[in-house]
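Single-structure report; data block below.
Here is the naming used below: chain letters follow the sequence lines, and residue numbers restart at 1 for every chain. The analysis underlying the following values was restricted to heavy atoms, covering all of them including side chains, and did not include hydrogens, waters or symmetry mates.
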Amino acid sequence: MEFIIKFAQTHETFRVAEIESLAVVEKLDLKIIEYDADSPVCVVQLPSVEDAKRLIKRSILAQSIHELWGQGLTLDELHESVKKNTPHLWPQYKMACFKFDMDAYRGAHTSKGRLAIINTFSYLPFEGPISLSKPNEVFTVFEQWKHNSVPLGIEFPDKIWMGRFLANSARDLVLKYDLKKRDYISTTSMDSELALITANISLAAPGKMFYDPFAGTGSFPIACAHFGAMTWGSDIDGRSMRGDGAKKSLYGNFEQYGLRAGFGDVFTSDMTNSPMRRVPMWDGIVADPPYGVREGLRVLGLKDPEKTPWLIEAGIKKGKDPDYVPPKKPYSFLAMLDDILVFASETLVENGRVSFWMPTANDEDQEIPMPTHPCLETVSVCVQAFYKWSRRLITYRRIPNREVSQAALEAYAARQKVVNTGTSADDLNPFRNGYFKGFKTDE
Amino acid sequence: MKVLTLNFLTCAVKACKSSPASHPLHPKDAELVQDELEVNPDMIVNVLPRLDWTALRTTSSELGFPPLPDQPPTAEELEADDKKLKDLHHLLLETSISEGKLVCGNCGHEYAVKEGIANFLLPSHLV
Ligand SMILES: C[S@@+](CC[C@H](N)C(=O)[O-])C[C@H]1O[C@@H](n2cnc3c(N)ncnc32)[C@H](O)[C@@H]1O
């Protein structure tokens with residue numbers, strides 16, 4: 001059977017990644033029949049109406065799903081296709097309380113014009129009452145118009161579909177988890193929409209265990225917990241998770257949303273000196289590592305141990321004091337990306353996913369290469385564009401060991417040996433470099 | 001910090017990772033809290049093969065729980081025996097260390113736990 005997915009008009013490059021991930025979560029046999037990033041209408045194939053409802057129920061980027069009744073480049077073609085494909089369905093809706101709707105993307109109709117189009121469907125033998133407020137069945141005519149069709153005086157849409165409404169998505173969660181209404185946030189909290197999408201793409205689901213090694217205020221763990229996963233988080237900055245305590249803390253956020261059951265733990269730790277055992281245990285790893293835009297990325301250690309022996313001494317003497325703050329040194333963003341992949345390859349279960357955010361390029365358009373690892377296969381790359389820069393959400397799947405190429409593993413190990421480890425955050429961080437040169441931001 | 005989490009962690013010092021003595025970390029002066037949580041059978045069954053059972057037995061006895069069997073229960077056993085499931089749930093997810101220390105059996109380093117949050121940051125000589 002074919003269905004129409006109507007997407008919200010935002011985050012276009014995330015749409016297919018999200019829908020395909022939800023098909024994996026729900027174990028659905030999904031085929032995308034027709035999709036163009038330029039249009040919010042997507043036609044997919046699924047075995048049943050029930051499957052269509054399951055596919056959409058967690059989606060953030062879809063708005064709704066509809067049983068496809070017909071399509072065409074013109075209204076006449078649409079009618080032909082409805083008459084050819086759906087007569088066997090008509091009797092079911094003979095007495096149904098129904099209405100017709102129009103959804104014209106980039107187009108406009110007068111109410112008279114809408115009515116005229118709707119009336120062209122009068123051949124459908126529907127005898128039930130029409131109800132605009134409480135219909136049991138809604139038939140929607142979707143149109144796709146050219147860009148600027150209204151000022152250009154274009155008369156007809158490029159493409160038309162008609163479908164019977166089946167279900168809404170979970171898009172209202174974006175409001176439920178809106179940062180403006182969250183008790184504890186910081187400047188780097190991930191907005192609710194993208195956090196929820198990240199949770200979907202990384203396949204968060206009941207019974208699964210998820211981890212965010214850069215947890216901060218917990219946006220990702222909360223989104224994953226919403227979808228039923230049990231979640232863990234850590235951060236080099238313990239204060240970012242503790243906040244001011246009680247309501248104003250990462251755990252407070254879990255309580256605010258009634259997600260206590262999805263809270264595993266949080267702890268303070270440097271991603272590059274993690275206490276995590278290296279055995280497969282995570283179903284998913286989600287992260288928004290520091291890009292070093294506002295401050296250089298830091299890890300535990302001394303920048304210049306020879307020049308600062310007293311810092312080592314202080315660590316030996318006072319390392320156990322509860323108030324001792326260990327020194328940190330600059331670190332390369334690229335090295336951190338590699339560290340994340342190595343960590344993921346060692347701690348993800350088979351087919352588990354790691355999803356993380358990284359900048360696409362510095363502002364000189366030097367693309368920051370996507371890190372790779374022989375045990376991880378790229379699932380999707382989604383881009384969020386800002387005014388002067390963009391970032392991408394990259395998702396990998398842990399390939400089962402028996403499918404990993406031994407030669408690739410050896411080559412990778414050899415390459416890791418020669419990767420240099422410099423000391424200045426600027427040398428090591430192409431994004432930060434470009435950002436400061438290009439934008440002349442204060443520092 | 002939940003008992004389950006403790007089972008996933010070891011000493012943050014890199015040189016300790018390969019030593020069997022670094023796992024599990026040993027609770028010291030630990031204050032325990034019990035937090036009632038709904039049982040999540042799928043999650044427990046899922047986590048079962050990922051546990052280091054021997055380490056869990058050590059932790060459980062160090063925290064004063066009755067001894068665990070030598071072998072972990074199977075998923076079928078847990079599904080058939082509600083009490084077994086609840087006991088394991090209680091130990092893994094409802095029991096946490098709120099205050100105290102976690103000590104590495106290899107290097108002796110102590111990690112502080114405050115308000116349930118453990119701190120694994122290392123001084124420079126251990127990085
Ligand atoms: C972009 S923020 C993530 C924000 C988080 N997603 C949230 O919703 O609040 C990056 C976080 O990484 C943490 N961080 C920086 N360096 C780290 C390191 N070496 N290891 C672990 N966490 C680190 C920072 O303290 C910060 O909280």
Side-chain angles (χ1 to χ4, degrees), chain A residues 205-209 211 228-230 232 234 236-238 241-242 245 249-251 260-270 272-283 299-302 305 308-309 311-322 324-329 347 349, chain B residues 1-14 16-18 22-25 35-47 49-52 55 89 92-94 96-97 99 101-104 108-127:
Chain A
K208 291 191 180 180
M209 304 195 358
Y211 175 52
M230 190 138 192
W232 277 257
S234 61
I236 198 169
D237 180 5
M241 301 174 294
R242 288 175 193 274
S249 69
L250 186 155
Y251 184 67
R260 240 165 40 94
F263 178 83
D265 257 316
V266 293
F267 52 91
T268 308
S269 134
D270 168 14
T272 65
N273 288 277
S274 165
M276 201 71 68
R277 282 168 61 216
R278 300 309 155 95
V279 290
M281 59 177 128
W282 302 118
D283 296 284
V299 299
L300 289 176
L302 293 173
T308 52
L311 288 178
I312 301 181
E313 280 309 307
I316 295 170
K317 280 204 200 106
K318 298 196 212 127
K320 281 191 181 172
D321 286 5
Y324 174 76
V325 181
K328 303 189 183 72
K329 65 176 181 186
T347 61
V349 301
Chain B
M1 165 166 292
K2 295 184 201 295
V3 170
L4 174 56
T5 310
L6 199 50
N7 199 263
F8 292 156
L9 302 179
T10 172
C11 187
V13 176
K14 285 192 179 100
C16 286
K17 286 243 156 46
S18 56
S22 68
H23 183 68
L25 297 170
D35 228 345
E36 216 176 294
L37 280 180
E38 215 177 300
V39 188
N40 185 342
D42 288 346
M43 155 80 196
I44 302 269
V45 166
N46 232 345
V47 84
R50 305 178 197 178
L51 289 175
D52 179 338
H89 165 79
L92 292 174
L93 297 171
E94 291 186 327
S96 335
I97 300 175
E99 301 286 329
K101 296 196 167 77
L102 300 170
V103 187
C104 172
H109 192 71
E110 295 184 354
Y111 301 96
V113 184
K114 274 197 278 180
E115 292 162 10
I117 301 182
N119 181 348
F120 289 96
L121 299 187
L122 297 169
S124 309
H125 66 287
L126 295 178
V127 175

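The ring-ring contact (aromatic ring centres under 6.0 Å, His included) search around B:Phe120 returns A:Phe267, B:Tyr111, not counting sequence neighbours. B:Asp35 pairs by the salt bridge (charged side-chain N to carboxylate O under 4.0 Å, His left out) definition with A:Arg260, not counting sequence neighbours.
The parts of A:Ser269 that come within reach of chain B are both its backbone and its side chain, each placing non-hydrogen atoms under 4.5 angstrom from that chain. Of the two parts of B:Leu93, only the side chain, counted from C-beta on, holds a non-hydrogen atom closer than 4.5 Å to a non-hydrogen atom of chain A. Within the 4.5 angstrom heavy-atom criterion, only side-chain atoms of A:Val349, from C-beta onward, approach chain B. Residue B:Glu94 does not touch chain A at all, counting heavy-atom pairs closer than 4.5 Å. Using a 4.5 Å cut-off between heavy atoms, A:Met230 contacts chain B through its side chain alone, with no backbone atom that close. Neither the backbone nor the side chain of B:Lys101 comes within contact range of chain A, judged by heavy atoms closer than 4.5 Å. Contact of B:Leu4 with chain A is made through the side chain alone, with heavy-atom distances under 4.5 Å. When heavy atoms are compared at a cutoff of 4.5 Å, B:Lys14 approaches chain A solely by way of its side chain, counted from C-beta outward.
Under the 4.0 Å criterion applied to side-chain N and carboxylate O atoms, A:Asp283 and B:Arg50 are assigned as salt-bridge partners.
Going from atom OG of A:Ser274 over to atom CG of B:Leu9 covers 7.5 Å, rounded to the nearest 0.5 Å.
Here the side chain of B:Thr10 pairs a donor or acceptor atom with the backbone of B:Ser22 at under 3.5 angstrom.
The minimum heavy-atom distance between B:Ile97 and B:Glu99, with the atom names listed, is CG2-O, 3.5 Å.
A:Lys329 places none of its side-chain heavy atoms less than 4.5 Å from the side chain of B:Val127. Under the 4.5 Å side-chain criterion, counting only non-hydrogen atoms from C-beta, B:Leu25 is not in contact with B:Met1.
Heavy-atom pairs under 4.5 Å with chain A peak, among B:Ile44, B:Asp42, B:Val13, B:Asp52, at B:Asp52. If you tally non-hydrogen atom pairs under 4.5 Å between each of A:Ala229, A:Pro275, A:Gly315 and chain B, the highest count goes to A:Pro275. When each of A:Asp265, A:Ile236, A:Ile312, A:Asn273 is scored by its heavy-atom pairs under 4.5 Å with chain B, the top score falls to A:Asp265. Put simply, of B:Pro41, B:Ala118, B:Cys16, the one with the most heavy-atom pairs under 4.5 Å next to chain A is B:Ala118.
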